[in-house]
Amino acid sequence: MQNRVRQVFNLMILFRRSFSSSSSSALQPLLPISQLCTNGRLHEALLEMVMLGPETGFHGYDALLNACLDKRALRQGQRVHAHMIKTCYLPATYLRTRLLIFYGKCDRLEDARKVLDEMPEKNVVSWTAMISRYSQTGHSSEALSVFAEMMRSDGKPNEFTFATALTSCTRASGLALGKQIHGLLVKWSYDSHIFVGSSLLDMYAKAGQIVEAREIFDCLPERDVVSCTAIIAGYAQLGLDEEALETFQRLLSEGMTPNYVTYASLLTALSGLALIDHGKQAHCHVLRRELPFYAVLQNSLIDMYSKCGNLSYARRLFDNMLERTSVSWNAMLVGYSKHGLGGEVLELFRLMRDEKRVKPDAVTLLAVLSGCSHGRMEDTGLSIFEGMIAGDYGIKPDTEHYGCIVDMLGRSGRIDEAFEFIKRMPSEPTAGVLGSLLGACRVHLSVDIGESVGRKLIEIEPENAGNYVILSNLYASAGRWEDVNNVRALMMQKTVTKEPGRSWIQHEQTLHYFHANDRTHPRREEVVAKMKEISIKMKQAGYVPDLSCVLYDVDEEQKEKMLLGHSEKLALTFGLIAIGEGIPIRVFKNLRICVDCHNFAKIFSKVFEREVSLRDKNRFHQFDRGICSCGDYW
DNA sequence: CTAGGGTTAG
């Protein structure tokens, strides 16, 4: 209705103008364009422009472009642009830059680019605006090519340019170029600028060079929430959870106020460490400070609760969300998958597809397939995979989906099929895929296929110690000690390190870490004594040490001793000492649990009538009365 | 006029 009135009003003005313009007196607008624009009367302002013709001038065009930009009014802006051309108004760099920014913000990147290309003189702002628009719309390589063009044509970047160019490097995985830019930064002393420094350290962190990132962080003359969050996120994404937590605490002690991005990254670290109490505390802070409850933050809360074993909290958060993104669904699906609840995974996946608000993405399908895998639903998994190939989900399987199927078939003991499946892959199998098959061969004692897979794997990934360990493990299980020694010798030659296995358990607000044959824990003697006592009771209840889990060629007594030294057994024993009766013992491990420890935990739960929850690298195991929720299937 | 950090994956 209001528009109607305005249109009529415009017509009235038009009439008055056409009559008055026939007189000789100069055209006098009722209000100048700039004032009409600031009052939100864009249509009238455009009308003035038409009437004034070439007299619109710098201030008129400036105001008009500003107003069009505010309203993202593409049509109107295009009319202003056309008018400039028609009246042969050759705007200065400033106005052309405004035009460029206008097109950029309206997502008309080709038009923005054209404006830039046609500029007789470009300045830092025009270059930077173009680069940042490309960068923000996900066209990082275009952003970088404009940056390169700028450098070639002697344009001198400023802190704005560097900040945005570096983010483009991060997103386009252009670390090499980023390092060159780093050189320029140092030369022109921009490297201590906080915005530039943040994107610089973020770039190194995302490329996995966390030491470099930390150095830049430490050298910043000032720190703020964003630069701290960048380094926290960097640690969290690399799984360096303690460092992330430490930096967060430092942020607090330096009097900074975390925002929702900071909390999202912190929660990633907390879910890695399974620190549910800290996670709840963070959740409380978020609620008490009434921080905006963005999806990003809720997604990380869902992830934290589910990875800490509290699926019902995760689901409640999920259900209460107003706007769920694909990440929300994925986080929830992964939660069910890690708990082996294949049925829940499929049910939620069905809901997701019915709701049609967000589309499944590659991660969704990965979560669903791994859900089938952990839930012992191989045939369902296979048929979903076939559906992907047929185009049922809008997602074509990539290497990771193939890998997931190989993992699934391998886990269920269908080693030959898994081996055949690898041959069906459109691209060469990655080390990850071969690695999961090798692991399956170890579990199901398929020495022949395992040997060929293992040899191949060592060829393409000689630096990964895990490959040698599993292969020699496989040889060990077949009693082929000579091969074991050869592989171990090979491993030594390549001087590779393997991620040491460790387990931890929370007690009175602190984490107690154990590694194999631990001698560092303050209560180690108590633990060792208790372990002796436990192992006797366990054996009476039917625990037989699975000596094939020992890699080394030593005598049986020695092997048994080594088995009892496994970190998860130590953590479990400590739990029995420290955790009050009737409370479930919750242990976490950074690697996969071994067969012997799994069996140990089952019998442990029966003998001591204690529920045990163990989260390993892959999934949760809930032990109760001698049975594990994974059904001995992991 | 132009700028930095974000959740899910095996």
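These values consider heavy atoms only, across backbone and side chains, with no hydrogens, waters or symmetry-generated copies. Quick caveat: nothing in here was measured; it's all calculated off a predicted structure.
Regarding Tyr134(A), its OH atom lies at a distance of 19 Å from the C1' atom of dA3(B), rounded to whole Å. One atom, CD1 of Ile395(A), and another, C1' of dA9(B), lie 13 Å apart when rounded to the nearest Å. To the nearest angstrom, P of dG4(B) lies 17 Å from CD1 of Ile216(A). Rounded to a whole Å, the CD atom of Glu159(A) is 13 Å from the P atom of dC1(B). Between Met321(A) atom CE and dT8(B) atom P there is a gap of 13 Å when expressed in whole angstrom units. dT7(B) atom C1' lies 10 Å from atom CG of Leu301(A), rounded to whole Å. Distance, Gln298(A) CD to dT7(B) P: 16 Å, rounded to whole Å. Following rounding to the nearest Å, Phe160(A) (CZ) and dA3(B) (C1') show an atom-to-atom distance of 6 Å.
Taking the side chain of Ala230(A) as heavy atoms from C-beta on, and the options dG5(B), dT7(B), dT2(B), the nearest nucleotide is dG5(B). The side chain of Thr229(A) has dG5(B) as its nearest neighbour among dG5(B), dT7(B), dA3(B). Counting only heavy atoms from C-beta on, Val125(A) has its side chain closest to dC1(B) among dG6(B), dC1(B), dA9(B). For Thr268(A), taking side-chain heavy atoms from C-beta onward, the closest of the listed nucleotides dC1(B), dT8(B), dA3(B) is dT8(B). Here the nucleotide nearest the side chain of Tyr294(A), chosen from dG5(B), dA3(B), dG6(B), is dG6(B). Of the candidates dA3(B), dG5(B), dT8(B), the closest approach to any side-chain atom of Asn259(A) belongs to dG5(B). Distances from the side chain of Asp303(A) to the nucleotides dG5(B), dA9(B), dC1(B) place dA9(B) closest. When the nucleotides dC1(B), dT7(B), dA9(B) are ranked by their closest atom to the side chain of Val296(A), dT7(B) comes out on top.
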### Task
Decide yes or no on side chain to side chain contact (heavy atoms under 4.5 Å, CB included) for Tyr134(A) and Leu109(A), but give the supporting numbers first.
CA-CA 8 Å; Tyr134(A) 269 136; Leu109(A) 291 175; 4.1 Å; yes
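Across all strands, Ala233(A) comes closer than 4.0 Å only to sugar-phosphate atoms, never to a base (heavy-atom distances). Among the atoms of the strands shown, none is found under 4.0 Å from any heavy atom of Phe162(A). Among the atoms of the strands shown, none is found under 4.0 Å from any heavy atom of Asp361(A). Within 4.0 Å of Tyr94(A), counting heavy atoms only, lies at least one base atom of the nucleic acid. Using a 4.0 Å heavy-atom criterion, one finds that Ile231(A) contacts no nucleic acid atom at all. Looking at heavy-atom distances under 4.0 Å, Asn158(A) makes contact with a base. Residue Ser227(A) is classed as a base contact, given a heavy-atom separation below 4.0 Å to a base. If you check every strand for non-hydrogen atoms under 4.0 Å, Thr262(A) touches a base.
Using bins of under 30°, 30° to 60° and over 60° for the plane-to-plane angle, the ring pair Phe162(A)/Tyr190(A) lands in the tilted bin.
Looking at Asp224(A), its side chain comes within 3.5 Å of the base of dG4(B) through a donor and an acceptor atom. Residue side chain Ser198(A) reaches the base of dG4(B) through a donor-acceptor N/O pair under 3.5 Å, judged by distance alone.
Between the side chains of Arg96(A) and Ser126(A), no donor N or O sits under 3.5 Å from an acceptor N or O. Side chain to side chain, Tyr633(A) and His374(A) fail the donor-acceptor criterion of an N or O pair below 3.5 Å. Side-chain atoms of Thr161(A) and Asn158(A) form a donor-acceptor pair, as typed in the model, at a separation below 3.5 Å. Checked by atom type, the side-chain pair Tyr305(A)/His283(A) shows a donor-acceptor distance below 3.5 Å.
Side-chain N/O atoms of Lys307(A) include one lying less than 4.0 angstrom from OP1 or OP2 on dA9(B). Side-chain N/O atoms of Ser132(A) include one lying less than 4.0 angstrom from OP1 or OP2 on dA3(B). Under 4.0 angstrom from either OP1 or OP2 of dA3(B) there lies at least one side-chain N or O belonging to Gln136(A). In this model, the phosphate group of dG4(B) is not approached by any side-chain N or O of Lys206(A) to a distance below 4.0 Å at OP1 or OP2.
Environment of CD in Glu323(A): sparse, with no more than 12 heavy atoms of neighbouring residues, nucleotides or ligands closer than 6.0 Å.
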